[in-house]
Amino acid sequence: QVHLVESGGGSVEAGGSLRVSCDGSASTYGLRIMAWFRQAPGNEREGVAAMIIGEGYTYYNNFARGRFTISQDVAKKTTYLQMNDLKPEDTAMYYCAAEVYSPPQPLLSQTYRYWGQGTQVTVSS
C-alpha cells in the first residue's frame, strides 16, 4: 500500500514563502518517484515538480523553475516542496503523488496511481 499525507499549506502574501511536505512513511511499497501537482478551481491538475527517490533527479514545470525546490528525506520517505516568491496565481490545492516505477513523463498526472488528500496554498496580493 501507498499512503501519502501532505502538510504545510496555508495563506501567505505575495512574495512570501511556504514549504509543503509529503509524508510517505506509512507506505509499505517501495516508492520510486514522488511529485507535486496543483489544481486551482476550474483548472486542470498540473505538475509542479518531481524527484526520483534516492538519486536526486528532479523535474520542474517552467513556472516552478527558479522559485520552487523539491527535496526529500529518503530515510523518512518524505518529500518537500519549498516555494519562494509566491504569486497569487500559485493559489491552488497542492497534491503529492507517488509511484513505484520511474515514469516517462514525471509531470503528467495520469502517470500516478497514488495521491495524497491535498493541502491548500493561498497567496494574497
Side-chain angles (χ1 to χ4, degrees):
Q1 284 186 330
V2 177
H3 186 58
L4 305 172
V5 179
E6 299 100 331
S7 62
S11 298
V12 66
E13 292 185 352
S17 299
L18 279 175
R19 188 178 80 160
V20 291
S21 303
C22 177
D23 183 356
S25 61
S27 303
T28 56
Y29 292 167
L31 302 177
R32 178 63 173 155
I33 186 170
M34 294 180 78
W36 286 96
F37 289 78
R38 70 183 188 183
Q39 188 168 19
N43 290 356
E44 293 187 355
R45 190 168 296 189
E46 61 180 352
V48 179
M51 190 169 196
I52 302 295
I53 293 172
E55 296 187 11
Y57 294 116
T58 56
Y59 307 86
Y60 290 95
N61 202 322
N62 286 339
F63 66 79
R65 195 170 288 114
R67 296 190 299 129
F68 295 1
T69 302
I70 189 170
S71 62
Q72 62 187 214
D73 184 325
V74 177
K76 294 181 179 179
K77 294 185 179 179
T78 299
T79 296
Y80 307 96
L81 183 68
Q82 176 68 43
M83 302 181 286
N84 298 327
D85 190 24
L86 282 161
K87 307 174 188 299
E89 51 264 41
D90 294 318
T91 295
M93 186 72 79
Y94 282 71
Y95 296 92
C96 177
E99 258 303 343
V100 299
Y101 66 95
S102 181
Q105 294 181 281
L107 297 181
L108 186 65
S109 63
Q110 293 90 326
T111 292
Y112 295 86
R113 289 176 292 172
Y114 307 109
W115 294 86
Q117 80 289 351
T119 184
Q120 178 67 37
V121 171
T122 302
V123 185
S124 59
S125 58

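- No path of Ile, Leu, Val, Met, Phe, Trp and Tyr side chains, each step under 4.5 Å between heavy atoms, connects Met93 with Phe63, placing them in separate hydrophobic clusters.
- Arg38 contributes atom CZ, which lies 11.5 Å from atom CD of Gln120 (distance to the nearest 0.5 angstrom).
- Using a 3.5 Å distance cut-off with no hydrogens or angles, the side chains of Asp73 and Thr78 do not pair a donor with an acceptor.
- Counting heavy-atom neighbours within 6.0 Å of Gln117 CD, excluding the residue itself, gives a total above 12.
- Ring centroid separation for the pair Phe37 and Trp115 comes in under the 6.0 Å cut-off.
- Looking at Glu55 and Arg32, a side-chain N of the basic residue comes within less than 4.0 Å of a carboxylate O on the acidic one, giving a salt bridge.
- Of all non-hydrogen atoms in Ala49 and Leu81, the two that sit nearest each other are CB-CD1, 4.2 Å.
- Between the side chain of Asp23 and the main chain of Val5, no donor-acceptor pair closer than 3.5 Å is present.
- Looking at every heavy atom in both residues, Leu18 comes nearest to Val12 through CD1-CG1, 4.0 Å.
- When all heavy atoms are compared, the tightest approach of Met34 to Cys96 is CE-SG, 3.9 Å.
- The NZ atom of Lys87 sits 5.0 Å away from atom CZ of Arg67, with the distance rounded to the nearest 0.5 Å.
- Ile52 is connected to Leu107 through a chain of hydrophobic side-chain contacts under 4.5 Å among Ile, Leu, Val, Met, Phe, Trp and Tyr, so both are in one cluster.
- Not one N or O on the side chain of Asn43 forms a donor-acceptor pair closer than 3.5 Å with the backbone of Ala40.
- For the atom pair OH (Tyr94) and OG (Ser21), the distance works out to 14.5 Å, reported to the nearest 0.5 Å.
- In this structure, the side chain of Thr119 engages the main chain of Gly9 through a donor-acceptor pair within 3.5 Å.
- The hydrophobic cluster containing Val100 also contains Leu4, counting ILVMFWY residues as joined when their side-chain heavy atoms lie under 4.5 angstrom apart, directly or transitively.
- By the rule that hydrophobic residues join a cluster once side-chain heavy atoms approach within less than 4.5 Å of another member, Tyr80 and Leu31 end up as members of separate clusters.
- With hydrogens and angles ignored, the 3.5 Å screen pairs no side-chain donor or acceptor of Thr79 with any backbone N or O of Cys22.
- Of all the heavy atoms in Pro88 and Ser124, the pair that sits closest is CG-C, 4.5 Å.
- Within the 3.5 Å criterion, the main-chain N or O of Ile70 finds a donor-acceptor partner in the side chain of Tyr60.
- Here OG1 of Thr69 is found 10.0 Å from CE of Met51. Values are rounded to the nearest 0.5 Å.
- Taking CD1 of Ile33 as the reference point, atom OH of Tyr114 lies at 14.0 Å (rounded to 0.5 Å).
- The heavy-atom pair separating Arg19 from Gln82 by the smallest distance is CB-OE1, 3.4 Å.
- Expressed to the nearest 0.5 Å, how far CD of Glu99 lies from OG1 of Thr111 amounts to 8.0 Å.
- A donor-acceptor pair is defined here as one N or O able to donate and one able to accept, closer than 3.5 Å; such a pair exists between the side chain of Gln72 and the backbone of Gly54.
- Grouping the Ile, Leu, Val, Met, Phe, Trp and Tyr side chains by contacts below 4.5 angstrom, directly or via other members, places Val2 apart from Tyr112.
- Taking the ring axis of Tyr59 as reference, the NZ or CZ atom of Arg65 does not stay both within 45° of it and closer than 6.0 Å to the ring centre.
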